[in-house]
Amino acid sequence: MDFGFNQEQEMLRATARKFLENECPSTFVRKMMDDPAGVTPDFWQKLAEQGWLGLIYPEAFGGVGLGFVDLSVLMEEMGRVVVPGPYFSTVLLGGLAIQEAGSESQKKEWLTKISGGSAKVTLALTEPNARWDAAGVTLRAREARGGFTLSGTKLFVHDAHTADALVVAARTANGASPEDGVSLFLVPKDARGLEVKLLPTMDQTRKLCEVTLKDVGVGSDALVGEKGKGWQPLARVVDRATVALCAEMCGGAQKILEMTTEYAKIRIAFGKPIGAYQGVKHRAADMLVDVENAKSITYYAAWAVDEQVAEAPLAVSMAKAYVSDAYRKVAAAGLQLHGGIGFTWEHDLHLYFKRAKGSEFTFGDATYHRERVAQLINL
């Protein structure tokens, strides 16, 4: 593993930071919090023009063909500004599921559209049982009239209300293990019997939905990958999306650290900046350690999934367990060191604190991933 970034990655970071500071200031983020769509067509098209919607997709499908470490660099920069909208759900969930398990025709149609900015896709995985593992997939898909009929409910589906299609995880059979019998289906947004309800959330920058499927009929061509063997590619998608989320969280934590240290230099208390007091210095130092450790473990996980090494799932869970706690702690420390102003609506810190809390539980919190680490190393 190379512990530094190459020239292209540094250029990507610099370009992304300049673009996002200009196109995604906090005023835009706040506006999108109140916008049901969560993004404007103009901003979405600009992301496509940058090549970011197809950053990790093959060039044959309109993508750029870069790796996951490169994507993590971009996601870290997006986390710095709390980018709103369906980038994460489209590129890292729905699109990645199609890339991992889809047929050549599905990839050509959907990855090309995603890369060009003309389509949005998401992944419908979690259900009311709130489980992230294969046992949590209980929505049924029954073969009927040469196709399948899907019935059940999915919860906390990212940006389903704006997606052109959903990759739905459903159970086509009960196998010897929960992993057996899970299949993936590409369901268009206008399918009869598909209902989408926008859910109220603490983090309004990331829209979550409840998706109800009432005897939704799809053709056999809607099957993504092999019937009953959808969990293996789906697990890879979740691992990769988890790494990308960790990178985004690192960017947010870094920004909070910068905001807090700058504030500590200008906030005067008892005749001198609060940053001169030992207690504040120690707290800021702890924040720095959390941020740097989070970055290190995240980029190792990004390298591991990029290289498809055997310990990649272990690296992913180690990263998510640490970063979930670190982002939350850094956000809380930032609020405390800012004092009363940090709790006001006018200050941007609440945007990061809400994103930290929402991201903490996405794909499982620290407790879930510590348990997964224990299982992976046979404890």
Side-chain angles (χ1 to χ4, degrees), residues 16 20 23-24 28-29 32-33 35 37-40 43-44 46-48 50-57 63 66 68 70-100 110-111 114-115 117 119-126 132 154 156-167 198-199 201-209 211 234 236-252 298 301-302 305 316 319-320 323-324 327 351-352 354-364:
L20 293 170
E23 300 293 338
C24 190
F28 175 76
V29 175
M32 291 302 99
M33 290 169 67
D35 189 324
V39 71
T40 63
F43 182 72
W44 189 252
K46 287 179 179 178
L47 294 181
Q50 292 290 327
W52 296 345
L53 297 181
L55 193 74
I56 55 174
Y57 301 151
L66 295 183
F68 227 80
D70 304 295
L71 178 72
S72 296
V73 170
L74 176 61
M75 290 303 298
E76 185 180 342
E77 294 304 312
M78 287 188 168
R80 284 179 59 89
V81 296
V82 198
V83 166
Y87 181 88
F88 185 83
S89 58
T90 294
V91 177
L92 276 306
L93 295 177
L96 201 54
I98 295 171
Q99 178 174 301
E100 285 288 333
W110 287 100
L111 296 186
I114 291 171
S115 299
K120 303 180 183 73
V121 186
T122 190
L123 173 67
L125 171 59
T126 52
W132 293 100
K154 294 290 184 179
F156 312 120
V157 182
H158 290 74
D159 306 300
H161 63 306
T162 60
D164 297 290
L166 295 82
V167 178
L198 195 61
L199 297 172
T201 58
M202 180 180 67
D203 177 16
Q204 302 98 323
T205 65
R206 186 156 276 165
K207 313 296 184 182
L208 300 178
C209 302
V211 177
L234 184 56
R236 293 194 297 270
V237 170
V238 172
D239 275 350
R240 284 159 173 73
T242 300
V243 173
L245 181 63
C246 286
E248 182 189 79
M249 295 166 77
C250 287
T298 293
V305 298
V316 170
K320 186 59 166 66
V323 179
S324 290
Y327 194 10
L351 302 177
Y352 294 88
K354 291 175 179 178
R355 179 63 68 89
K357 290 299 295 181
S359 298
E360 179 183 359
F361 292 97
T362 302
F363 304 126

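This structure is a prediction, so every number in the text was calculated from the model and none was measured.
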Which heavy atom of Met78 sits nearest a heavy atom of Tyr87, and at what distance?
SD-CD2, 3.8 Å
Taking all non-hydrogen atoms of both residues into account, name the closest pair between Met75 and Ala247 and its distance.
CB-CB, 3.9 Å
Applying ring pair (Phe, Tyr, Trp, His ring centres under 6.0 Å), can you list everything that pairs with Phe156, at least two apart in sequence or on another chain?
none
Are Leu123 and Ser89 side-chain neighbours, meaning at least one heavy-atom pair lies under 4.5 Å?
no
Of all heavy-atom pairs between Ala119 and Trp110, which one has the smallest distance, and what is that distance?
CB-CZ3, 4.0 Å
I want to check something: taking the side chain as every heavy atom from C-beta on, are Thr122 and Pro86 in contact at a cut-off of under 4.5 Å?
no
Pairwise side-chain contact, Leu96 with Ile56, heavy-atom cut-off 4.5 Å (strictly under)
yes
Side chains of Ser72 and Cys246: closer than 4.5 Å at any heavy-atom pair?
no
Using side chain to side chain contact (heavy atoms under 4.5 Å, CB included), reason through Cys24 and Val29 one step at a time and then give a plain yes or no.
CA-CA 7 Å; Cys24 190; Val29 175; 3.7 Å; yes
Are Thr205 and Lys354 packed together at the side-chain level, in the sense that at least one heavy-atom pair is separated by less than 4.5 angstrom?
no
Mutual orientation of the aromatic rings belonging to His158 and Phe363 [parallel < 30°, tilted 30-60°, perpendicular > 60°]:
parallel
Can you name the nearest heavy-atom pair linking Leu93 to Ala241, along with the distance?
CD2-CB, 3.7 Å
What are the two closest non-hydrogen atoms of Ala319 and Ala301, and how far apart are they?
CB-CB, 4.0 Å
What pairs with Ser359 under side chain to side chain donor-acceptor pair (under 3.5 Å), at least two apart in sequence or on another chain?
none
How long is the gap from CD on Glu248 to CG on Leu245, to the nearest 0.5 Å?
6.0 Å
Any residue meeting ring pair (Phe, Tyr, Trp, His ring centres under 6.0 Å) with Phe361, in chain and number order, not counting sequence neighbours:
none
Beyond-backbone contact of Val243 with Leu71, side-chain heavy atoms, under 4.5 angstrom
no
Please check: side-chain N/O of Tyr327 versus main-chain N/O of Lys357, any donor-acceptor pairing under 3.5 Å?
no
With side chains defined as the heavy atoms from C-beta onward, is the minimum distance between Trp44 and Thr162 less than 4.5 Å?
no
How long is the span from the CG atom in Leu208 to the CG atom in Leu198, to the nearest 0.5 Å?
8.5 Å
Enter the distance from Leu111:CG to Leu53:CG here, rounded to the nearest 0.5 Å.
12.0 Å
If you take all heavy atoms of Val91 and Tyr57, which pair is closest and at what distance?
O-OH, 2.8 Å
Ignoring hydrogens and geometry, is there a side-chain-to-backbone donor-acceptor pair from Lys207 to Val157 under 3.5 Å?
no
Side-chain (Lys120) to main-chain (Asp164) donor-acceptor, under 3.5 angstrom
no
List the steps and the verdict of side chain to side chain contact (heavy atoms under 4.5 Å, CB included) for Val121 and Val167.
CA-CA 7 Å; Val121 186; Val167 178; 4.1 Å; yes
Would you check if Leu351 and Met33 make a side-chain contact, meaning some heavy-atom pair closer than 4.5 Å?
yes
Can you confirm whether the side chains of Arg206 and Thr201 place a donor and an acceptor under 3.5 Å from each other?
no
Lys46 side, atom NZ; Leu20 side, atom CG - distance, nearest 0.5 Å
11.5 Å
